[in-house]
There are 2 protein chains.
Amino acid sequence: MRLSKLADYATVLMCRMAARPELTYSASQLAGEAGLPPPTVAKLMKLLARAGLLTSLRGGRGGYLLARGPEAISLADVIRAVDGPPGLIECSIHPGRCSLEGGCGIRANWGVVNAAVIQALRDVSLEQMNGGPAAMAGLRRLRD
Amino acid sequence: MRLSKLADYATVLMCRMAARPELTYSASQLAGEAGLPPPTVAKLMKLLARAGLLTSLRGGRGGYLLARGPEAISLADVIRAVDGPPGLIECSIHPGRCSLEGGCGIRANWGVVNAAVIQALRDVSLEQMNGGPAAMAGLRRLRD
DNA sequence: CGCATATGAGACCGAATCGGTCCTGTATAG
DNA sequence: CTATACAGGACCGATTCGGTCTCATATGCG
């Protein structure tokens, strides 16, 4: 149930950008800073831009820029842009594709679990990820 | 970030068994009832037994039996048995394997998110999955 | 005793997905 | 008009995943 590496990288890149939301970043610059292969970073930036999380500026001195404030972009947004809709189970995303749908009586309750996990990812912003542990206090109550 | 199909199947099988925890089930019988290929079910049962979630009885009239009560087996247990340790990110499971570990400042906070998701899966038992929506009330507060 | 049943362990394979690269086109700054 | 930088998409190798099969072992029953 792990995140894909690409989605993981994307969160790292987005958080770096969120630390200085007013700057524009080129893909190659970010790749150098983060220690990731430039072509891979370029691909990710395109995905993030197409999803509306980044604004792209073409031409010389162009680059990427956060489309919204770091407090208004969630982990769920980033994951969805790279990996598609987040979710633990198939049938909550592509209904009708599961051959068991008739018999299994747990689909509805899986949906509840699924929604809870997604909501947790939606509740964490890039700003919080860049902050200290205190910034994550809201999530801690999930562990009580 | 989806669960593997095998892990998904395993939850279905385990919940079927949890509905009648006193019975023993053979792999082929369960496969027939659930509409899954017998060899695949057999493989899953072995994994679940090795993880200590099922007790196996060999020989004629043998089969599998829940090792504990349905209220004492969680989704996290089942997932771990099939897919290995649950977790969204690599570096919280295999520290030292991520090349970015030096620079990325979000590892600690990812750990918090990760722990929250795992805890959510640990908090749901097979018994709850078999119950009505009311049985999941504990999880709903994650969405508030 | 001996056979049928059922699990234990693990090798094995095809297919799909994933991580990563490259090429061509387009827009903008200087 | 040239260098820079994004847009789109094709492409490929490697890994993982879903699924099957074989052989060994243990038990119940006739």
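Order of the sequence lines sets the chain letters (A, B, ...), proteins ahead of strands, with each chain counted from 1.
For the pair Tyr64(A) and dA7(D), the criterion of a side-chain N or O lying under 4.0 Å from OP1 or OP2 is met.
With respect to the salt-bridge test (charged N to carboxylate O, under 4.0 angstrom), the residues Asp8(B) and Arg107(A) do not qualify. A salt bridge is defined here as a Lys NZ or Arg NE, NH1 or NH2 lying under 4.0 Å from an Asp or Glu carboxylate O, and Asp83(A) with Lys5(A) fails to meet this definition.
Where DNA chain C meets chain A (any atom under 4.0 Å from a heavy atom), the bounding nucleotides read 5' to 3' are dG19(C) to dA29(C).
Within the 4.5 Å cutoff, the side chain of Tyr64(A) has heavy atoms near those of the Lys46(A) side chain. You'll find the side chain of Met17(A) stays beyond 4.5 Å of the side chain of Leu13(A), heavy atoms only. A heavy-atom distance below 4.5 Å is found between the side chains of Leu66(B) and Pro70(B).
The CG-P distance, from Leu44(A) to dA7(D), rounds to 13 Å in whole Å.
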Exercise. Heavy atoms under 4.0 Å is the rule here; annotate nucleotides 14-28 of chain D 5' to 3' with B where the base is hit, S where only the sugar-phosphate is, and - elsewhere.
Key: ----SBB----BBBS

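Ala42(A) comes within contact range of no nucleotide atom at all, as no heavy-atom separation falls under 4.0 Å.
Note on residues 20-31 of chain A: no pairs pass salt bridge (Lys or Arg N to Asp or Glu O under 4.0 Å), not counting sequence neighbours.
Two different hydrophobic clusters hold Ile118(B) and Ile79(B) under the rule that ILVMFWY side chains link at heavy-atom gaps under 4.5 Å.
For Asn114(A) (side chain) and Leu88(A) (main-chain N/O), a donor-acceptor pair under 3.5 Å exists by modelled atom type.
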